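Here's the structure, in structure tokens; my notes come after.
All heavy atoms count here, side chains included; hydrogens, waters and symmetry mates do not. All figures in this text were calculated on a predicted structure; none of them were measured in a lab.
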2 protein chains.
Amino acid sequence: MRLADCELCLQPGGLPVWEGAAWRIVRVADPSFPAFYRVISRAHHREWTDVPPGERRVGMALVEAVEEALRSLLPESKINLASFGNVVAHVHWHVMARFAWDSHFPQPLWGLAQREADEAHLESLVRLLPALDQAVRQAASQAVASSGA
Amino acid sequence: MRLADCELCLQPGGLPVWEGAAWRIVRVADPSFPAFYRVISRAHHREWTDVPPGERRVGMALVEAVEEALRSLLPESKINLASFGNVVAHVHWHVMARFAWDSHFPQPLWGLAQREADEAHLESLVRLLPALDQAVRQAASQAVASSGA
């Protein structure tokens, strides 16, 4: 089902990285948090437990695939996972790599900024994005193949 | 494994509600967000994908059980799920019911307050907590029984 007034029914919600039958993965173009992906349900579901169990299993396998791709290239990161839907109530998971040097750590990105992000670190991270996207695509395809979906 | 300097290895992390072999559920005593539970790994794991896959499945079944218990008694809520571990890097999921009348909605609870919470709504929610705890306990036991763990 798609809703005519739901942003994530109508728009990608980020830069398209991978697309499957029930879920897509996009990268969020946030200059302060470059290594930030979303796993978004294709169908409109309000809550995580509204997603049929089989699709939910695939969705979580994709969240885990993104986490593993981020960890493989960014071993010094702390991974943050979140699904709120308070603004756009269409199931989507935020999966992002966080660092001691980023603007908000240890606050979630929705919290108060703690400092200016370290520019040199940010630039290195941005240079890694093509490799990160590729690792995410590969991990997502493997996760879906293993889940039998 | 338990770590001598990890808060969630040493302390419950909230009011004990349910305890299983690999996970426990506590309620967070936050006066602004009464319907706020945590699903906490018994063993010390830093990242979600460090948790062995079988335990991860049980953990997510428990997150979903808490979500369903909250939804059953609070149909007007929006459920928020998050796992950060930036402050205490020991896997724990936040599962909370959010409302249009709460102090931060639609911001996550870690964001900026938007208003004073509505006191009458807060009081009604607090009166529901014993029933919520009971619903969470029941849903958690069922989830673990169904998962075969």
Is [Y] reachable from [X] through a run of I, L, V, M, F, W or Y residues, each pair having side-chain heavy atoms under 4.5 Å apart?
X        : Y        : answer
B/Leu125 : B/Val17  : yes
B/Phe33  : B/Leu122 : no
B/Tyr37  : B/Val88  : no
A/Trp18  : A/Leu73  : yes
A/Val58  : A/Val26  : no

Quiz item: How long is the span from the CD atom in B/Glu67 to the CD atom in A/Glu47, to the nearest 0.5 Å?
Solution: 5.0 Å

Quiz prompt | Separation between CZ of A/Arg57 and CZ of B/Arg57, rounded to the nearest 0.5 Å | solution =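 It is 9.0 Å, given to the nearest 0.5 Å.
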
Heavy-atom pair count under 4.5 Å with chain A, highest-scoring of [options]:
options                             : answer
B/His94, B/Met96, B/Glu68, B/Arg71  : B/Arg71
B/Val87, B/Asp50, B/Leu112, B/Val63 : B/Asp50
B/Arg46, B/Arg98, B/Glu64           : B/Glu64

Practice problem: Considering only heavy atoms and a distance below 4.5 Å, find which of A/Ala89, A/Gly111, A/Ser83, A/Pro53 pairs most often with chain B. | Solution: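 The residue among A/Ala89, A/Gly111, A/Ser83, A/Pro53 with the greatest pair count is A/Ser83.
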
Quiz prompt | A/Glu116 atom CD, neighbour heavy-atom count above 12 within 6.0 Å | solution = no

Quiz item: Do A/Ile79 and B/Trp48 touch side chain to side chain, with heavy atoms closer than 4.5 Å?
Solution: no

Quiz prompt | A/Arg56 and B/Met60, any side-chain heavy atoms less than 4.5 Å apart | solution = no

Practice problem: Kindly give the heavy-atom pair with the smallest separation between A/Lys78 and B/Asn86, and that separation in Å. | Solution: CG-OD1, 3.3 Å

Practice problem: Indicate the ring-plane relationship of B/Trp110 and A/Phe84, choosing parallel, tilted or perpendicular according to the 30° and 60° boundaries. | Solution: tilted

